[in-house]
Amino acid sequence: MAHAESDIPPFRYTSALAQDIELRWQAWWEQHHSFEAPNPAGPLADPDAVAGMEKLFVLDMFPYPSGTGLHVGHPLGYIGTDVYSRYKRMAGYNVCYAMGFDAFGLPAEQYAVQTGQHPAVTTAANVANMRRQLRRLGLSHDPRRSIDTTDPGYYRWTQWIFLQIFNSWYDTELPSRDGRGLGRARPIAELITAFESGECPTPDGREWAELTEAERRAIVDDRRLAYVSEAPVNWCPGLGTVVANEEVTADGRSDRGNFPVFKRSMRQWMMRITSYADRLIDDLDLLDWTDAIKTMQRNWIGRSEGARVRFASPAGEIEVFTTRPDTLFGATFMVLAPEHPLVAALTTHDHAEAVAAYRRTAAAKKDIDRQDLGRDKTGVFTGSSAINPVNAELVPVWIADYVLTGYGTGAIMAVPCGDQRDFEFARQFGLAIPAIQTPPAAWFAGRGIEASLDTATWPEAYVGDAPYVNSANADGLDLNGVSSVAEGTRLTNEWLSVRSHGRGNVNFKLRDWLFSRQRYWGEPFPIVHDEFGPVALPDSSLPVLLPETESFSPRTFDPDDEFSNPESPLDRLDWWTDVELDLGDGPRRYHRDTNVMPQWAGSCWYELRYLDPTNDETFVDPAVEQYWMGPKGNGHPGGVDLYVGGVEHAVLHLLYSRFWHKVLFDLGHVSSIEPYYRLFNQGLILAAAFKDEREIYVEAAEVEERDGLFFHHDEPVTREWGRMGKSLKNGVSPDEMYDAYGADTLRLYEMSTGPMDASRPWETRDVVGMYRFLQRVWRNLVDEDSGEPRLGPPATVETLRVLHRTIDGVRTDIDGLRINTAISKLIELNNYLTKLGSCPCDVAEPLVLMLAPLSPHLAEELWAKLGHADSLIREPFPVADPAMLVAATIELPVQVNGKFRSRIVIPSDATEAVATAAALADAKVIKSLNGAEPKKIIVVPGRTVNIVA
RNA sequence: GCCCGAGUGGCGGAAUGGCAGACGCGGAGGACUCAAAAUCCUUUGUAGGGAACUACGUGUGGGUUCGAGUCCCACCUCGGGCACCA
């Protein structure tokens with residue numbers, strides 16, 4: 001062993017040397033406060049330092065501090081943002097770059113239940129471990145700006161923002177603050193004033209002064225942006241808590257824990273995100289996000305324009321939502337969801353039994369079965385009919401489970417000729433299918449049938465623009481001859497509105513956000529209750545600290561006990577829940593709200609706290625927010641300059657966060673309309689996972705490959721690819737990589753394996769490639785025996801050309817976050833230098849500076865060896881000399897009839913005629929032409945010559 | 001079923017409509033070494049040929065173009081999201 005080690009030169013770039021370099025520079029950066037970004041105002045103010053620098057706010061989606069720490073899949077995005085931040089610092093920017101921890105949530109609570117340790121203790125330990133791992137990676141975060149959502153100094157402001165939302169209502173009439181339309185949040189006090197003055201009428205028209213305290217409170221609470229409401233929720237007895245719709249899996253079980261989930265109605269805190277539905281859709285246009293993510297958000301919000309139409313029935317009016325009011329004349333029956341409240345009243349005696357049986361069957365079905373594709377339509381007739389408002393015809397009312405309670409009004413008008421589901425339902429039950437549009441000839445031709453209005457010949461419904469027929473009544477509505485859906489809809493809506501049968505209406509798929517959890521490890525609500533309902537605590541009482549307790553887990557129940565009721569851990573703490581307070585009208589007794597907020601709350605505004613993390617006066621100083629996030633003028637919404645994170649947050653986090661930001665904007669607390677201007681979705685690092693014959697995952701690290709087959713302790717196993725993590729037993733810790741190669745190598749490897757937005761498999765054996773690269777760079781600049789710099793004479797013009805082409809390419813690549821190709825270009829430059837035999841003295845510094853964002857520790861060490869006393873983090877990034885980017889001659893490929901046949905070398909400023917002549921004179925071209933006369937010659941300057949013969 | 005992505009060597013990937021496979025891994029051969037590791041050099045899409053070279057080649061089939069991995073149409077496969085959304 002000793003002998004083997006002595007063979008390695010003492011100053012070779014080995015993992016041991018890499019460790020030494022990295023730890024030393026990490027300590028240096030910390031001591032010199034290298035990454036601290038000055039603020040223009042507030043506690044971190046340093047106005048002189050801010051002056052003269054452009055700002056840049058770079059943000060990662062912050063991690064949840066799990067007990068297993070980081071695996072190498074986590075830092076892909078972090079390394080990317082670090083490279084970008086370091087690069088921009090070298091370009092003279094003041095870069096705000098920080099990292100925090102999204103530390104509330106169920107896993108910490110459940111882990112704490114298992115280990116008996118308080119979640120605060122385990123969370124603190126996990127955060128400390130992840131901080132260590134991230135620091136070891138050399139990320140250039142401003143350490144002063146780190147936040148932890150479970151820190152009372154942080155969640156004090158989460159609670160404060162909640163109170164801002166609670167104390168607001170949405171005025172749909174007032175022009176928005178950004179001038180982009182109507183609607184804005186206003187202080188609830190202004191609504192009360194409007195009620196008092198009579199400017200705003202009460203719901204039942206009585207004078208405000210005549211109302212009791214209870215009535216007034218109920219009216220006001222009903223308008224708040226955060227409100228308590230009876231809501232259909234997913235009760236999960238196995239977790240002892242309610243889970244959000246978004247957290248329920250397709251098979252009706254909980255996302256975490258995989259327990260059965262039951263639909264129940266319970267009183268819950270809700271956030272009125274639906275008030276912002278229009279703005280959340282419209283303002284997507286202002287953002288630099290990919291179309292894919294924008295489309296996903298639009299689909300989630302699901303705006304559809306149509307009409308609400310009322311049909312008279314024996315049980316009263318039935319309201320339906322339709323996107324095609326223009327097809328009302330074709331509505332020949334109605335379908336209600338089995339759970340619709342009018343079903344009982346509509347059902348006649350002779351149909352009672354069938355309806356009851358159908359409702360039982362539908363209720364017993366899990367959502368997944370109800371949504372099963374391709375099954376036959378089912379349904380039963382209620383025995384009653386309603387009246388179609390446009391033609392007074394009787395339409396039978398059915399119930400069927402393909403109509404859902406949760407969307408629209410839970411009732412539809414069925415137009416079998418114009419909607420495929422209705423068409424199938426009508427065929428199934430022998431209901432009439434009158435035609436109300438004349439489909440175009442091509443539609444019939446495409447289906448191989450004769451054009452006819454006899455729908456018995458149609459294989460399916462016709463959907464789209466086409467002239468209407470049979471669509472007129474004697475009461476002023478006549479669509480016959482109209483041929484566009486838009487015009488038909490407009491005319492129908494107008495008629496419906498005038499005759500009071502309905503009105504044009506926009507419907508959203510988005511529902512209000514269920515905001516309370518019956519758990520322990522979350523932010524307590526800054527709310528107490530008196531006999532009339534919730535009462536906001538004053539700002540002075542914040543933070544409302546999460547009370548200490550031994551029993552911090554929610555009470556759990558038999559997972560199948562649907563009718564159990566949630567019991568929050570806070571419910572049991574009488575000493576905490578029962579309080580006497582003076583909230584302005586003398587001391588009174590109150591009961592604290594025992595819910596906690598969902599994990600989303602802390603992540604809804606963390607980017608704002610990074611900006612001013614130590615401010616005790618306010619959640620963020622307005623001047624600081626304006627500096628880092630303010631709009632850059634003319635249609636720019638403001639927000640984070642670059643936000644990098646996984647596509648799995650495309651909808652929920654990014655929607656909730658935008659909603660909170662918009663409320664804060666409406667209330668004048670922030671100057672930016674949107675929180676995240678540019679969003680970049682990084683890919684996942686996938687890792688091989690192995691299952692044995694019992695379909696159980698085995699430790700991937702223990703699997704051997706033999707001849708393309710895989711074995712775990714000699715048992716054959718099968719390979720699949722998945723996210724890295726505990727559940728697939730395929731995690732690779734960055735600590736292993738630091739030991740084997742060092743952080744610089746890990747950084748380069750993760751960046752080199754592909755573009756940032758692509759998912760790619762982790763291959764530990766490939767990591768060595770980047771290690772070798774750094775070793776070769778080191779060897780080109782440092783003598784491996786003496787450790788002294790080893791530089792050659794000044795570069796030739798040819799070498800300078802290579803250098804400047806590299807500089808140009810690397811700049812372009814990093815600007816576009818194409819870090820993988822930037823690395824390739826640096827490897828090419830280094831390989832070129834290796835062939836030269838030594839690195840010219842005037843190439844060494846630009847090379848080191850270009851490496852600085854990517855492998856910062858190695859670059860710092862080399863920079864010091866080149867004789868610099870200070871760090872290079874603020875050295876200007878090299879700039880390419882345009883004169884060096886053009887060569888005297890260029891090599892041009894020549895095609896004959898589109899096939900590449902030869903290459904010619906001509907002056908780079910050669911005219912087309914010169915290029916043509918050179919191409920025609922080329923021996924291989926002459927051979928390929930074989931005597932044929934060129935018919936046409938295409939010269940693409942600098943690219944190619946193509947001779948068509 | 002709908003929406004959004006993506007299909008390129010043994011593997012990860014590169015390529016403003018202009019020489020497909022940069023760069024890295026892996027493989028093969030060589031140098032150094034008693035030997036091995038490490039390091040360095042050469043080579044490596046497939047088929048044929050000693051070689052020059054020739055043919056083929058970016059999921060499939062068409063199309064546009066002087067020229068297509070790249071643009072258009074249809075289809076197939078994989079990944080992600082949504083889902084009887086009226």
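Predicted model, so just to flag it, every value in this text is computed and none were measured. Letters go in sequence order (proteins before strands), and every chain restarts at 1.
The C1' atoms of B/U8 and B/G69 are separated by 7 Å, rounded to the nearest whole Å. Atom P of B/U58 sits at a distance of 9 Å from the matching atom of B/U70, rounded to the whole Å. Distance check on atom C1': B/A20 versus B/G7 gives 16 Å, rounded to whole Å. Of the C1' atoms belonging to B/C32 and B/U39, the separation is 9 Å, rounded to the nearest Å.
Residue A/Arg772 has a polar side-chain atom (N or O) positioned under 4.0 Å from OP1 or OP2 of B/C25. Here A/Lys936 reaches the OP1 or OP2 of B/C66: one of its side-chain N or O atoms lies under 4.0 Å away. Checking the phosphate oxygens (OP1, OP2) of B/G5, no side-chain nitrogen or oxygen of A/Asn681 falls inside 4.0 Å.
Going from atom CD1 of A/Ile281 over to atom CH2 of A/Trp300 covers 13.5 Å, rounded to the nearest 0.5 Å. In this structure, the separation between CD on A/Glu305 and CG on A/Asn507 is 11.0 Å, given to the nearest 0.5 Å.
Qualifying side chain to side chain donor-acceptor pair (under 3.5 Å) partners for A/Arg901, counting only residues two or more places apart in sequence or in other chains: none.
The existence of a salt bridge linking A/Asp419 and A/Arg324 is excluded, since no basic side-chain nitrogen approaches an acidic carboxylate oxygen closer than 4.0 Å. Here A/Arg818 pairs with A/Asp813 in a salt bridge; the nearest charged N to carboxylate O distance falls below 4.0 Å.
The stretch residues 319-328 of chain A touches RNA chain B through A/Phe321, A/Thr322, A/Thr323, A/Arg324, each having a heavy atom under 4.0 angstrom from the strand.
In this entry B/U54 has B/A47 as its Watson-Crick or G-U wobble partner, both defining distances falling under 3.5 Å.
With a glycosidic angle further than 90° from 0, B/G45 counts as anti.
Residue A/Arg776 is classed as a sugar-phosphate contact, given heavy-atom separations below 4.0 Å to backbone atoms only. Within 4.0 Å of A/Lys899, counting heavy atoms only, lie sugar-phosphate atoms of the nucleic acid but no base atom.
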**Message:** I need a per-nucleotide contact map over nucleotides 12-20 of chain B, read 5' to 3'. Cutoff is protein heavy atoms under 4.0 Å; write B for the base, S for backbone only, - otherwise.
**Reply:** SSS-B-BBS
